[in-house]
2 protein chains.
Amino acid sequence: MNYASLDHFFMTLGNKQRVRILQLLAKQGTMGVTAIAETLKVEQSAASHSLKQLLLCHFVTVKQDGKERIYAINEDTVKPLFEQIERHVDKYCVKGCAHWSRL
Amino acid sequence: MNYASLDHFFMTLGNKQRVRILQLLAKQGTMGVTAIAETLKVEQSAASHSLKQLLLCHFVTVKQDGKERIYAINEDTVKPLFEQIERHVDKYCVKGCAHWSRL
DNA sequence: AATTCATATGAATAGCATATCATATGTTAT
DNA sequence: ATAACATATGATATGCTATTCATATGAATT
């Protein structure tokens, strides 16, 4: 992998599973790896791999709590970012992106 | 390909070449396909493919001008979006994302 | 209408990211 | 120290995406 910052940023988001995790964390606040994996019905290993990449781009933060590592979304930038993105998606993509016809 | 809107949005951005095109259009205003391809040193065909996907997510707009199709960035949502994203990248990723060590 | 310029499309290969499996590391309790 | 729980890591095979090449479509000019 050899990405500049911005590319790495988008690359990390360009994956359903990682976006699901972010959405889950945005909703639930904080969660451990096992809880995330169970909720999204993915392997623990897969969740861990995804979280690592999210961590590298600082989309999420961790803190150790006993045996568990509790992940949280980066409230500072990611939350407002997602709100703005959803504005774009709502406005332009709800009907648009789904249908590859016309244009 | 079977993506929900939000996934499709990110998927489209999760590619260097498409991001380069958006950055170019943000900077230059409007450009035709050949000009884009030459500037970014990619094949005309590749540029066209990329632009189609950007169009499907409404990141860009087109208008026909003679033989040419002039592409422009979606000023309404994409520009402010990129500004906010760059805030995140500058703040968290300049040093962070590049180095996979620590954390 | 034929030619040239500009862009789009389709198909196939090449390239890369992800999912998976097995295992390692780390933490706490007994 | 060992066992049990929680998470991380590494390697590999699979699957998906992008690039490429060849060609088609569209527009304007002669």
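Order of the sequence lines sets the chain letters (A, B, ...), proteins ahead of strands, with each chain counted from 1.
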Can you tell me if [X] touches the phosphate of [N], counting only side-chain N or O atoms and a distance under 4.0 Å to OP1 or OP2?
X     : N      : result
B:R69 : C:dA8  : yes
A:Y71 : D:dA8  : yes
B:Q17 : D:dA18 : no
B:N15 : D:dT17 : no
B:K52 : C:dT9  : yes

Verdict with reasoning, A:Q23 to A:R20, per side-chain hydrogen bond (donor to acceptor under 3.5 Å, both in side chains): CA-CA 5 Å; A:Q23 290 176 315; A:R20 287 295 96 72; 3.0 Å; yes
Heavy-atom donor-acceptor pair, B:Q44 side-chain to C:dA8 base, under 3.5 Å: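 Flag set: donor-acceptor pair detected.
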Base D:dT9 to side chain A:S45, donor-acceptor N/O within 3.5 Å cut-off: yes
Selected nucleotide, minimal atom distance to A:A46 side chain, candidates C:dT9, C:dT18, C:dT20: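 It is C:dT20.
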Sorted by number, the residues of residues 27-37 of chain B with heavy-atom contact under 4.0 Å to DNA chain C: B:G32, B:V33, B:T34
What integer distance in Å separates [X]:[atom1] from [N]:[atom2]?
X     : N      : atom1 : atom2 : result
A:F10 : D:dA18 : CZ    : C1'   : 18 Å
B:K67 : D:dT29 : NZ    : P     : 7 Å
A:M11 : D:dC16 : CE    : C1'   : 13 Å

Touch class at under 4.0 angstrom, heavy-atom based, for A:E68 against every strand present: sugar-phosphate
Residue whose nearest DNA chain C nucleotide is more 5′ - B:S48 or A:E43: B:S48
For A:F10, ring pair (Phe, Tyr, Trp, His ring centres under 6.0 Å) partners two or more places apart: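 Testing A:F10 for ring pair (Phe, Tyr, Trp, His ring centres under 6.0 Å), a comparison that skips the adjacent residues, returns B:F82.
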Base of D:dT19 and ring of B:H49 stacked, centres under 5.5 Å, planes under 30°: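 Base of D:dT19: not stacked against B:H49.
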